[in-house]
Protein chains: 2
Amino acid sequence: MKAMGIKDIARLAGVSTATVSRALSNPDRVSDATRAQVMAVVQAHDYRANSQARSLRVQRTDTVLALVPNLGNPFFSEIIAGIQDSLAPAGVDLLVADTLTQQARRQSAVSHLQAARADGLICLDGALPADSLADLSTPAMRHRVVFACEWPIGRDFPSVRSDNRAGMQLAVAHLLEHGHRDFALLAGPPGNVLTRERLAGAREALAQAGIDLPESRIDGHSFEIADGFAAAARLMQGPKPPTAILCLSDQLAIGCMSGLGRMGISVPGDVSVIGFDDIALAAYSSPPLTTIRQDRRGLGRIAAQRLLDGLSGRTTDEAPAPRPTVLPITLVQRGSTARAKR
Amino acid sequence: MKAMGIKDIARLAGVSTATVSRALSNPDRVSDATRAQVMAVVQAHDYRANSQARSLRVQRTDTVLALVPNLGNPFFSEIIAGIQDSLAPAGVDLLVADTLTQQARRQSAVSHLQAARADGLICLDGALPADSLADLSTPAMRHRVVFACEWPIGRDFPSVRSDNRAGMQLAVAHLLEHGHRDFALLAGPPGNVLTRERLAGAREALAQAGIDLPESRIDGHSFEIADGFAAAARLMQGPKPPTAILCLSDQLAIGCMSGLGRMGISVPGDVSVIGFDDIALAAYSSPPLTTIRQDRRGLGRIAAQRLLDGLSGRTTDEAPAPRPTVLPITLVQRGSTARAKR
DNA sequence: ACGGTAAATGTAATCGTTTACCCGGGCAGG
DNA sequence: CCTGCCCGGGTAAACGATTACATTTACCGT
C-alpha cells in the first residue's frame with residue numbers, strides 16, 4: 001500500500017486537488033459541505049501532505065538548522081531545548097548538526113541553507129571558518145542567521161548572549177567582599193569569545209580594586225571538567241597559593257574542587273571557588289557551587305524567536321549593525337565561597 | 001540574486017540539465033571533458049542542488065528523525081552524538097524532536113515519517129502513546145524505526161539497549177562482596193522500562209543471596225538529581241537504615257550523596273552508594289562515584305547503524321521478531337562504595 | 001429579465017531535480 | 001561495407017504539492 005497522495009484524496013472525495021489543498025490550508029475558501037467531505041476522507045486515511053513537494057512549491061521548509069560545536073557536550077542541550085520551546089509552537093522543525101563532524105566532511109557550514117534544506121540557522125559556535133562566515137554575510141543570508149551564546153568576533157550578526165563581562169564583575173565583587181586578594185583564574189579555550197569576554201570582565205573588575213592578575217595565575221585550556229581537575233594541582237603548587245579561584249565554567253569549577261579535595265585542600269575553608277553557568281549539578285556538588293547563573297534555555301528561546309522574526313520578514317533591512325540581545329546574569333551564592341583565611 | 005538552479009548551470013556550461021545532474025551524481029557516465037566543464041561552473045557559483053526537489057524526485061530525504069523524551073536532559077546528548085557518529089559519514093542528516101513539546105501539539109510522533117520528511121526514526125522514548133506505536137507497526141514502517149536505550153514493552157521493534165539486568169546484578173554482587181546486607185534502592189519513573197529492568201535485576205540478584213528488598217526501602221520517582229537529594233533523607237530516617245544504596249541513575253546517586261552529606265552521613269564510611277550510567281561527572285563527584293557504565297555513545301551509534309541498514313533494504317523482511325541488540329555493561333569502581341560498617 | 005459581482009471549484013502551470021527513453025556517431029566483427 | 005553495440009548526451013516525463021487564472025453558478029439591484 002503506497003502512501004496516499006493529494007490526487008487519491010481528491011478522487012475519493014469527488015473534488016479536484018486544488019480543493020483538497022484549499023480545504024487543508026485555507027479552510028475558509030471552500031464551502032462547509034465540501035470541507036467536511038474532504039476532511040472526512042483525509043481523516044479516514046490519515047493523509048499528510050508530502051512536505052518535500054510542499055516545500056518545493058512554496059519555497060520554504062519550516063525547518064531551521066542548529067549548528068552545535070559538540071553535541072556530546074551536555075552544556076548545549078539546554079540551549080537546544082530552549083530553541084525547541086520557540087520553534088515547536090511555530091510549527092518549525094529543528095535540524096541539528098555538529099560542527100566537528102561537519103568539518104570532518106569538509107562541508108560548508110551553510111550548505112544546508114544553500115541547498116534550501118533549512119530556512120534559517122542558529123549557530124552556537126562562534127569559531128566558524130572565515131569562508132563560512134563570508135557565505136553567511138551575503139544579503140540573501142543576512143536575516144536567516146542568528147548566533148546564540150557564542151558569536152564571531154568582529155562580524156555584525158544578530159546574536160543573543162549572556163552578559164559575560166558583568167557576570168565576572170559580579171563574581172569578583174563577591175570575592176572581594178569576602179576579603180580575597182589573591183586570585184587565580186581557570187580559563188576556557190584560548191580563542192573562544194566567551195573566554196575572552198569573561199577574562200576581560202574579571203581583569204577589569206580586579207584592576208578597579210588595584211589587583212593584578214599575572215599570567216602565571218591563569219590556567220585552563222578548555223571548559224571541560226577534566227581540565228579543571230588537572231589545573232587545580234598546578235595552581236596550588238606555588239609558594240603563595242591563591243585564596244580564590246575564578247572558573248570560567250561550572251565544569252571547570254567542579255573539576256577543580258575535585259582536584260583540590262584530592263590534595264586535602266578544603267573548599268571553602270582554604271580556598272573559595274566560583275563557577276559560571278549554573279548547570280544543574282552545581283547545586284549538588286560538595287560543597288554546592290557558588291556560581292554565575294546564565295539562562296541557557298532563555299538564550300535558545302530568544303535566539304529562535306529572533307530568527308523566526310527575521311524569517312517572517314518583520315525585521316527586513318534592519319539597521320546596519322543589528323544590536324546583540326544581552327541577557328542578564330545573576331550570582332547564586334552557595335557553599336563554595338567564604339571569607340578569606342587570614 | 002536568486003539562487004542558481006540546475007538550468008542556469010546547464011546553460012552556463014553549454015550542456016543539458018541531464019548532463020549536469022549526471023556529472024554530479026554519476027560522474028563516470030559523462031566524458032572527462034564535459035565533467036570538467038560542468039564542475040568548473042558548479043564550483044564557480046557554489047551551486048548546490050535543491051534538496052527538496054531532489055527528495056521529491058528520488059523519494060528519499062537522507063534525513064532521520066530522533067525522538068527524545070526531553071531535550072533538556074543532558075543524559076541524551078551523548079546518545080545523540082553517537083547517532084551523529086553513524087549518520088554523518090553516511091551523509092544523512094538528523095532531525096530532532098522532543099516528545100514533550102510534540103505531544104503538546106497533539107502531533108503524532110510519526111507524522112514526520114508520513115509526511116516523508118524523514119526516512120527513518122530513532123526513538124529514545126519507550127513510552128510512546130499506543131496509537132503512535134500502532135502507526136509504526138505497519139509493514140511500510142517496520143524497517144524504518146529503531147529504539148535506542150529505552151523500548152516499548154510488549155512490542156517487537158528493533159532496538160538497541162544496555163544489559164540493564166546484568167548491570168544491576170553486577171552492582172549487587174559488588175556490594176555483597178563488601179559485606180553489605182541492608183539495601184535500599186532509588187528508582188526512576190514507575191512506568192519506565194529501565195526502572196522495571198534494573199529493579200528486576202536487583203531483586204533477582206538479591207533474592208539469590210537470600211536478601212529481601214521491602215517496598216519501604218524503595219524510593220525515587222524520576223531519574224533526576226533533585227529526586228535523589230530528597231529521597232536520601234527519607235531513606236535514612238528509619239530505625240535501622242541501609243548500609244548500601246542502589247541508584248538507578250548517576251544523577252540520583254549524586255543527588256543522594258549530596259543529601260547524605262548535608263545530613264552528616266559519610267559516603268562511603270557510613271553508607272555505600274552506587275550509580276548507573278557513568279556520566280562524565282561521576283568521576284569528579286566527591287567521593288567519586290562507583291557506578292555501572294553503559295556506553296551511551298555506542299547505543300546511539302549502533303542504533304543509527306541498524307536503522308541505516310534497515311533503510312538500505314539489506315535487512316528486508318527480517319525474522320518475525322527482530323532481536324534486540326544488547327550492549328555489555330561494566331562496573332567501574334571508584335570511591336563511593338566500601339566495606340560495610342560492622 | 002439582464003448585467004454585474006462574488007463565491008466555489010476546476011484546470012493547468014509551476015517549483016528544481018532525476019532518469020527513462022531516444023538518438024547519433026564511432027567502432028569492432030563479419 | 002554493413003550491422004549491431006556502446007557511449008555520450010539531449011528531450012521530456014515524472015515526483016506531489018500550491019496557486020494564478022479560468023470557469024461556472026447564484027444572487028442582487030435596477
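Side-chain atoms are counted along with the backbone in the values below, which use heavy atoms only and exclude waters and symmetry mates. First the proteins, then the strands, lettered A, B, ... as listed; each starts at 1.
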K.L.:
Strictly below 4.0 Å: does Tyr47(B) bring a side-chain N or O up to OP1 or OP2 of dG16(C)?
P.N.:
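Checking dG16(C) against Tyr47(B), no side-chain N or O comes under 4.0 Å of OP1 or OP2.
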
K.L.:
Atom CD of Gln52(B) and atom C1' of dT14(C): how far apart are they, to the nearest Å?
P.N.:
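The answer, rounded to whole Å, is 16 Å.
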
K.L.:
Would you indicate which nucleotide in dA17(D), dT17(C), dT11(D) comes nearest to any side-chain atom of Ser16(B)?
P.N.:
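Ranking dA17(D), dT17(C), dT11(D) by closest atom to the Ser16(B) side chain puts dT11(D) first.
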
K.L.:
I need the CG-C1' distance between Asn26(A) and dA20(D), as an integer number of Å.
P.N.:
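My rounded result for the distance is 14 Å.
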
K.L.:
Between dA17(D), dG10(C), dT9(C), which nucleotide gets closest to the side-chain atoms of Arg57(A)?
P.N.:
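The nucleotide sitting nearest to the side chain is dA17(D).
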
K.L.:
Could you state the atom-to-atom distance from CG of Asp8(B) to P of dC15(C) in whole Å?
P.N.:
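So the two atoms are 11 Å apart, to the nearest Å.
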
K.L.:
Looking across every strand, which nucleic acid part, if any, lies under 4.0 Å from Gln59(B) by heavy atom: base, sugar-phosphate, or nothing?
P.N.:
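Sugar-phosphate: the residue Gln59(B), judged by heavy atoms under 4.0 Å, touches backbone atoms but no base.
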
K.L.:
Grab the CD1-P distance between Ile6(B) and dT17(C) for me, whole Å please.
P.N.:
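These atoms are roughly 6 Å apart.
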
K.L.:
Test for a donor-acceptor pair under 3.5 Å between the base of dG8(D) and the side chain of Arg35(B), counting only N and O atoms.
P.N.:
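Such a pair does not exist between side chain and base.
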
K.L.:
Show the numbers, then the answer: is there a salt bridge (charged side-chain N to carboxylate O under 4.0 Å, His left out) between Asp295(A) and Arg297(A)?
P.N.:
CA-CA 6 Å; Asp295(A) 182 7; Arg297(A) 192 143 190 157; over 6 Å; no

K.L.:
Arg22(B) has a side chain; which of dC21(C), dC15(D), dT18(C) sits nearest to it?
P.N.:
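Output: dC21(C).
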
K.L.:
Can you tell me which nucleotide in dG8(D), dT17(C), dT19(D) comes closest to the side chain of Val58(A)?
P.N.:
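Out of dG8(D), dT17(C), dT19(D), the nucleotide with an atom closest to Val58(A)'s side chain is dT19(D).
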
K.L.:
What is the separation between atom CZ on Arg60(A) and atom P on dT18(D), rounded to the nearest whole Å?
P.N.:
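My rounded result for the distance is 11 Å.
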
K.L.:
How is Thr34(A) classified with respect to the nucleic acid when contacts are heavy atoms under 4.0 Å: base, sugar-phosphate, or nothing?
P.N.:
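Sugar-phosphate contact only - Thr34(A) comes under 4.0 Å of backbone atoms but never of a base.
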
K.L.:
If you compare all heavy atoms of Met141(B) against all heavy atoms of Asp135(B), which two are closest, and at what distance to 0.1 Å?
P.N.:
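The answer is CG-O, 3.5 Å.
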
K.L.:
From the set dT17(C), dG9(D), dT18(D), return the single nucleotide nearest to any side-chain atom of Thr17(A).
P.N.:
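Nearest to the side chain of Thr17(A) among the choices is dT18(D).
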
K.L.:
Taking atom types as modelled, is there a side-chain donor on Arg161(A) or Thr325(A) under 3.5 Å from an acceptor on the other?
P.N.:
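There is no such pair (donor and acceptor under 3.5 Å, judged by atom type) between the side chains of Arg161(A) and Thr325(A).
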
K.L.:
Which part of the nucleic acid does Ser21(B) contact within heavy-atom distance under 4.0 Å: base, sugar-phosphate only, or nothing?
P.N.:
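Contact class for Ser21(B): base.
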
K.L.:
Determine whether the side chains of Asp93(B) and His112(A) contain a donor N or O and an acceptor N or O closer than 3.5 Å.
P.N.:
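A donor-acceptor contact under 3.5 Å links the two side chains.
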
K.L.:
Rounding to a whole Å, what distance do you find between Leu56(B):CG and dG16(D):P?
P.N.:
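In whole Å, dG16(D) P and Leu56(B) CG are 7 Å from each other.
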
K.L.:
Return no unless some side-chain N or O of Ser31(A) is found under 4.0 Å from OP1 or OP2 of dA7(C).
P.N.:
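No, outside the criterion.
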
K.L.:
Give a yes/no on whether any side-chain N or O of Ser55(A) is located under 4.0 angstrom from OP1 or OP2 of dC15(C).
P.N.:
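No, because none of the side-chain N or O atoms of Ser55(A) sits under 4.0 Å from OP1 or OP2 of dC15(C).
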
K.L.:
Rounded to the nearest angstrom, tell me the gap between atom CE in Met4(B) and atom P in dC15(C).
P.N.:
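Taking CE of Met4(B) and P of dC15(C), I get 16 Å after rounding.
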
K.L.:
Would you check if the side chain of Asn26(B) reaches a backbone N or O of Asp28(B) as a donor-acceptor pair within less than 3.5 Å?
P.N.:
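No; judged by distance alone, with no hydrogens or angles, the pair does not exist.
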
K.L.:
Give one of base, sugar-phosphate or nothing for Thr19(B), where a contact means two heavy atoms less than 4.0 Å apart.
P.N.:
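Sugar-phosphate, no base atom in range.
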
K.L.:
Please work out if Ala49(A) contacts a base, only the sugar-phosphate, or nothing of the nucleic acid, heavy-atom cut-off 4.0 Å.
P.N.:
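Touches sugar-phosphate only.
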
K.L.:
Determine whether the side chains of Thr63(A) and Arg117(B) contain a donor N or O and an acceptor N or O closer than 3.5 Å.
P.N.:
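Yes, a side-chain donor-acceptor pair sits under 3.5 Å.
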
K.L.:
In whole angstrom, what separates Gln37(A)'s CD from dA8(C)'s P?
P.N.:
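Rounded to the whole Å, the gap is 15 Å.
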
